[in-house]
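All remarks here apply to the structure that follows.
Order of the sequence lines fixes the chain letters, A, B, ..., with proteins taken first and strands second; residue numbering starts at 1 for each chain. Both backbone and side-chain heavy atoms feed into the values below; hydrogens, waters and symmetry mates do not. Everything numeric here is computed off the predicted structure, so don't read it as measured data.
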There are 2 protein chains.
Amino acid sequence: MKDIHKHSKIITAATKVFAKKGFFNARISDIAKEAKVADGTIYLYFNNKYDILISVFEEEIGKIVEQIKKSLAEETDPRKMLEIFATKHLQSMKKNKNLAEVIQIELRQTNKLIKDYRNNKFSDYTDLVEEIIRLGQKQNIYCLDVEPGIAKRIFFGALEEVSRVWNTSIDGHYTVDEISGQLLKIFLSGILLPEKNAAR
Amino acid sequence: MKDIHKHSKIITAATKVFAKKGFFNARISDIAKEAKVADGTIYLYFNNKYDILISVFEEEIGKIVEQIKKSLAEETDPRKMLEIFATKHLQSMKKNKNLAEVIQIELRQTNKLIKDYRNNKFSDYTDLVEEIIRLGQKQNIYCLDVEPGIAKRIFFGALEEVSRVWNTSIDGHYTVDEISGQLLKIFLSGILLPEKNAAR
DNA sequence: TTTAAATGAATGAATGGCCATTCAGTAATT
DNA sequence: AATTACTGAATGGCCATTCATTCATTTAAA
């Protein structure tokens with residue numbers, strides 16, 4: 001029953017409540033009840049409601065980012081790197097659905113509303129994709145007419161949207177490998193039949 | 001100065017205020033001020049605050065969807081169809097940045113919070129992509145190993161994320177054609193150099 | 001044609017409910 | 001006994017919504 005223990009209990013509870021009701025509809029008392037502490041206790045660990053949300057981002061996203069960065073560090077083939085990125089990201093999102101929901105729905109809001117809050121860990125994270133693409137271009141594996149800044153958005157936007165199947169869809173039965181396979185297939189080779197490919 | 005006029009003035013004002021502050025931070029009085037009407041007037045045209053947001057979705061998104069459907073109706077080549085879809089969508093988002101912001105940030109929230117509200121127009125809209133892909137597969141232009149349901153998400157997720165450059169990015173200087181060109185290039189032919197393509 | 005009544009739109013101040021935050025008091029730990 | 005951690009009821013501010021009143025326009029009567 002020490003500081004850190006209660007802190008992370010509140011973080012977990014908050015993630016769950018934010019995921020379920022959204023930040024603005026979440027009551028401090030909901031979070032307190034979920035974490036099995038008194039309302040006031042929350043204010044011993046956080047300054048205010050926003051601070052809880054920011055902490056969810058900083059701490060929970062941070063874990064994922066670190067883990068993926070570590071996996072990437074061991075690989076040099078840009079094709080494999082994108083595969084690792086996609087697979088690990090999807091795994092994380094499937095494993096922690098509450099966090100996924102909060103990232104997908106609340107992070108954008110917050111980035112907009114709190115202009116002076118930039119989740120740098122998250123930006124760094126998405127920027128990884130851009131770096132991988134530049135690397136692949138240098139190695140003459142990826143086309144030079146691909147703009148890495150746009151391609152990053154395409155890859156990451158696609159990744160986020162497909163990861164939503166587990167939170168929103170009726171047909172959330174896809175596996176991580178199926179989805180990441182489809183994403184990589186399309187991102188790397190496109191959807192045209194090979195013989196049609198010369199056209200572009 | 002009749003009914004419909006004031007109704008749409010409020011819709012436009014609300015879109016602007018929601019885009020700027022987000023739904024939950026938007027005050028009815030903000031919207032009233034922006035629309036140059038009294039607070040109470042808003043309740044002559046809408047039942048409550050949520051009703052305003054829902055109306056924004058229904059009416060404004062509806063216009064875009066109709067317009068794009070119309071453009072698509074004149075085309076039969078699935079490659080061209082995706083091009084039209086992407087280009088028109090990006091054009092709309094670039095033209096009406098407030099609406100874009102509201103769609104990208106508030107629509108998901110609302111879909112989650114109001115379980116019994118499904119923006120069917122919007123689902124129909126994204127489903128168009130799925131249909132186009134199936135069509136292309138039937139015509140032997142698109143690979144059969146692409147899962148249309150996932151591919152739809154990939155395409156649409158990418159499209160939404162790239163369209164955000166105009167709202168969020170410092171480098172929002174890209175043109176619609178540049179971005180849609182990159183998206184189609186990647187989605188159709190992938191990012192691998194042609195000679196590497198056999199690998200997959 | 002003028003004047004008066006009726007209708008309906010618009011207003012904005014007042015209400016009431018909600019909930020983040022506080023803090024005086026209680027319990028646990030040293 | 002003193003310090004630290006926790007509690008949860010009470011406070012105060014905010015804001016969606018209401019509604020008594022005003023204003024504008026139309027209709028009817030004189």
Which nucleotide sits closest to the side chain of Lys49(B): dT11(C), dA16(D), dT7(D)? dA16(D)
dC6(D), dG12(C), dA16(D): which one has an atom nearest the side-chain heavy atoms of Leu44(A)? dC6(D)
Pairing of Lys63(B) and Glu60(B) as salt bridge, 4.0 angstrom limit: yes
Taking only Lys NZ, Arg NE, NH1 and NH2, and the carboxylate oxygens of Asp or Glu, determine whether Glu161(B) and Arg153(A) approach each other closer than 4.0 Å. yes
[X] has an atom [atom1]; how far is it from atom [atom2] of [N], in whole Å?
{"X": "Asp39(B)", "N": "dA9(C)", "atom1": "CG", "atom2": "C1'", "answer": "16 Å"}
{"X": "Ile42(A)", "N": "dA20(C)", "atom1": "CD1", "atom2": "P", "answer": "10 Å"}
{"X": "Lys33(A)", "N": "dG8(D)", "atom1": "NZ", "atom2": "P", "answer": "12 Å"}
{"X": "Ile52(A)", "N": "dC19(C)", "atom1": "CD1", "atom2": "C1'", "answer": "13 Å"}

OP1 or OP2 of [N] sitting under 4.0 Å from any side-chain N/O of [X]?
{"X": "Lys6(B)", "N": "dA10(C)", "answer": "yes"}
{"X": "Tyr43(A)", "N": "dT7(D)", "answer": "no"}
{"X": "Arg27(B)", "N": "dC14(D)", "answer": "no"}

Residues, nucleotides or ligands: over 12 heavy atoms within 6.0 Å of Lys49(B) NZ: yes
Checking side-chain polar atoms at under 3.5 Å, does His7(B) have a donor or acceptor matched by the opposite partner on Glu59(B)? yes
